[in-house]
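Have a look at the structure below, then the notes.
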Amino acid sequence: MTTQFQVPDNSENFNQIFKLLQDEYPNTEPMLHFKNPLELMVATILSAQCTDKQVNKVTQVLFKKYLNVEDFANASLDELGKDIYTTGFYHQKAKHIIRSAQLILTEFDGKVPDTMEDLLKLPGVGRKTANIVLARGFGIIGGIAVDTHVTRLSLKLGFTQYNDPKKIEIDLMALAEKKDLENLSMTLILHGRNVCIARRPKCGECVVSELCPSSEV
């Protein structure tokens with residue numbers, strides 16, 4: 001359910017905040033390990049409610065066992081579930097991966113689709129996953145990946161008044177240049193993990209605390 005919050009509009013400070021955060025996190029390379037769009041799609045599905053570090057540990061073995069889309073399409077649900085067990089929600093994730101692989105074979109000529117519309121037809125692929133696959137797998141920037149960190153920080157920083165990822169995506173796309181959307185997402189994620197932590201934000205260590213309407217300093 002979409003909720004609108006009474007958050008001060010801080011969009012006028014967006015450019016300054018983004019610049020400060022970019023200086024703080026100059027290396028925003030993707031943390032998930034992958035060699036092609038299929039591996040990226042699988043890894044991103046596995047990353048839901050799981051750390052990138054744990055996903056990489058699992059996929060290091062997984063991608064040696066399942067080499068292509070046919071291997072995932074023909075996988076046993078129980079066996080794949082055991083292979084990805086430590087990423088959490090393994091049964092649902094396994095179902096999504098197998099069904100997506102099957103659709104890729106039957107509907108998309110064995111290739112991971114490279115449009116938002118087609119990616120959203122795949123089970124387990126929402127806008128966040130689709131934006132990640134498009135940006136990192138194909139170099140296509142059409143939107144911004146909005147995860148829990150991006151959602152939380154966008155509200156705290158006053159860049160949006162909504163908790164709905166699609167509305168947040170629209171608000172952020174109105175503030176940032178298209179070429180910066182992928183970098184913006186990763187920068188907010190890193191700041192959310194390292195400083196603006198949900199339960200105990202380190203406002204005293206935050207480089208944008210003076211520009212943040214939610215700062216506790």
By side chain to side chain donor-acceptor pair (under 3.5 Å), Gln92 pairs with (sequence neighbours left out) His96
Residues at least two apart in sequence or cross-chain that pass side-chain contact (heavy atoms from CB on, under 4.5 Å) with Asp9, listed by chain then number, are Ser11
Those residues at least two apart in sequence (or on a different chain) that pass side-chain contact (heavy atoms from CB on, under 4.5 Å) with Glu182 are Ala135, Arg136, Ile141, Met186
Exactly one of Asp180, Asn183, Thr187 clears side-chain hydrogen bond (donor to acceptor under 3.5 Å, both in side chains) with Gln22, and that residue is Asn183
_Would Thr160 and Leu172 count as a side chain to side chain contact (heavy atoms under 4.5 Å, CB included) here? Give the steps._
CA-CA 8 Å; Thr160 186; Leu172 292 178; over 6 Å; no
Review point. Is a donor on one side and an acceptor on the other found under 3.5 Å between the side chain of Asp109 and the backbone of Lys111?
Key: no
Separation between CG (Leu80) and NE2 (His91), nearest 0.5 Å, reads 11.0 Å
* Is there a donor-acceptor contact under 3.5 Å from the side chain of Gln161 to the main chain of Gln6? -> no
Query raised in the report: In the single-linkage hydrophobic clustering (I, L, V, M, F, W, Y; side-chain heavy atoms under 4.5 Å), do Ile140 and Phe108 co-cluster?
Result: yes
Closest non-hydrogen atoms of Gln102 and Ala73, given as atom of the first, atom of the second and distance, are NE2-O, 3.2 Å
For residues 30-49, the salt bridge (Lys or Arg N to Asp or Glu O under 4.0 Å) pairs (sequence neighbours left out) are none
### Message
Applying a strict under-4.5 Å side-chain criterion to I, L, V, M, F, W and Y, I'd like to know whether Leu175 and Leu184 cluster together.
### Response
yes
Query raised in the report: Does the side chain of Leu46 come within less than 4.5 Å of Ile97's, by heavy atoms?
Result: yes
Applied to residues 42-56, the side-chain hydrogen bond (donor to acceptor under 3.5 Å, both in side chains) test, sequence neighbours excluded, yields Asp52-Arg193, Gln54-Thr86
- Give the C-alpha distance, both sets of side-chain angles, the deciding distance and a yes or no for side chain to side chain contact (heavy atoms under 4.5 Å, CB included) between Val112 and Leu40. CA-CA 10 Å; Val112 175; Leu40 174 59; over 6 Å; no
Contacts table for residues 120-130: side-chain donor-acceptor under 3.5 angstrom, sequence neighbours left out:
residue: Lys121; atom: NZ; partner: Asp118; partner atom: OD1; Å: 3.2
residue: Arg127; atom: NE; partner: Glu169; partner atom: OE1; Å: 2.9
residue: Arg127; atom: NH2; partner: Glu169; partner atom: OE1; Å: 3.3
residue: Arg127; atom: NH2; partner: Glu169; partner atom: OE2; Å: 3.2

Check: Asn194 and Tyr25 side chains under 4.5 Å, non-hydrogen atoms: yes
* To do: Taking the side chain as every heavy atom from C-beta outward, state whether Phe63 and Val42 have any atom pair closer than 4.5 Å.
  => yes
Taken in chain and number order and not counting sequence neighbours, the residues that satisfy side chain to side chain donor-acceptor pair (under 3.5 Å) with Tyr90 are none
Closest non-hydrogen contact found for Pro213 with Gly158 is CG-N, 4.2 Å
Before giving the answer on side chain to side chain contact (heavy atoms under 4.5 Å, CB included), spell out for Leu190 and Met31 the whole-Å C-alpha distance, their side-chain angles and the decisive distance to 0.1 Å.
CA-CA 10 Å; Leu190 289 171; Met31 295 181 183; 3.0 Å; yes
Is there a side-chain contact between Met41 and Ile132 (heavy atoms, below 4.5 Å)?
no
### Query
Under 4.5 Å between side-chain heavy atoms, hopping through other hydrophobics if needed: is there a path connecting Val7 to Val150?
no
Residues 139-151 vs side-chain hydrogen bond (donor to acceptor under 3.5 Å, both in side chains), sequence neighbours excluded, gives His149-Arg152
Is there a path of hydrophobic side-chain contacts, each under 4.5 Å between heavy atoms of I/L/V/M/F/W/Y residues, joining Leu188 to Ile197?
no
With sequence neighbours left out, the residues meeting side-chain contact (heavy atoms from CB on, under 4.5 Å) with Ile170 are none
Here the gap from Arg99 atom CZ to Leu77 atom CG, rounded to the nearest 0.5 Å, amounts to 13.0 Å
Separation between CG (Asn131) and CG (Leu181), nearest 0.5 Å, reads 8.5 Å
Going hydrophobic residue to hydrophobic residue with side-chain gaps under 4.5 angstrom, can you get from Phe34 over to Leu119? yes
Heavy-atom closest pair (Pro113 atom, Phe138 atom, distance to 0.1 Å) is O-CE1, 3.5 Å
d(Ile144 CD1, Ser154 OG) to nearest 0.5 Å is 7.0 Å
For Gly88, does its backbone N or O pair with a side-chain atom of Lys93 as donor and acceptor, under 3.5 Å?
-> yes
Output for pair (Leu153 CG, Ser185 OG), nearest 0.5 Å, gives 11.0 Å
Residues pairing under salt bridge (Lys or Arg N to Asp or Glu O under 4.0 Å) where one sits in residues 20-32, two or more places apart or in two chains, turn out to be Lys19-Asp23
The reported gap from CG in Leu38 to CZ in Phe72 (rounded to nearest 0.5 angstrom) is 6.0 Å
Residue pairs meeting salt bridge (Lys or Arg N to Asp or Glu O under 4.0 Å), one or both in residues 54-71, sequence neighbours left out, come to Lys65-Glu79, Lys65-Asp83
Residues 207-217 vs side-chain hydrogen bond (donor to acceptor under 3.5 Å, both in side chains), sequence neighbours excluded, gives none
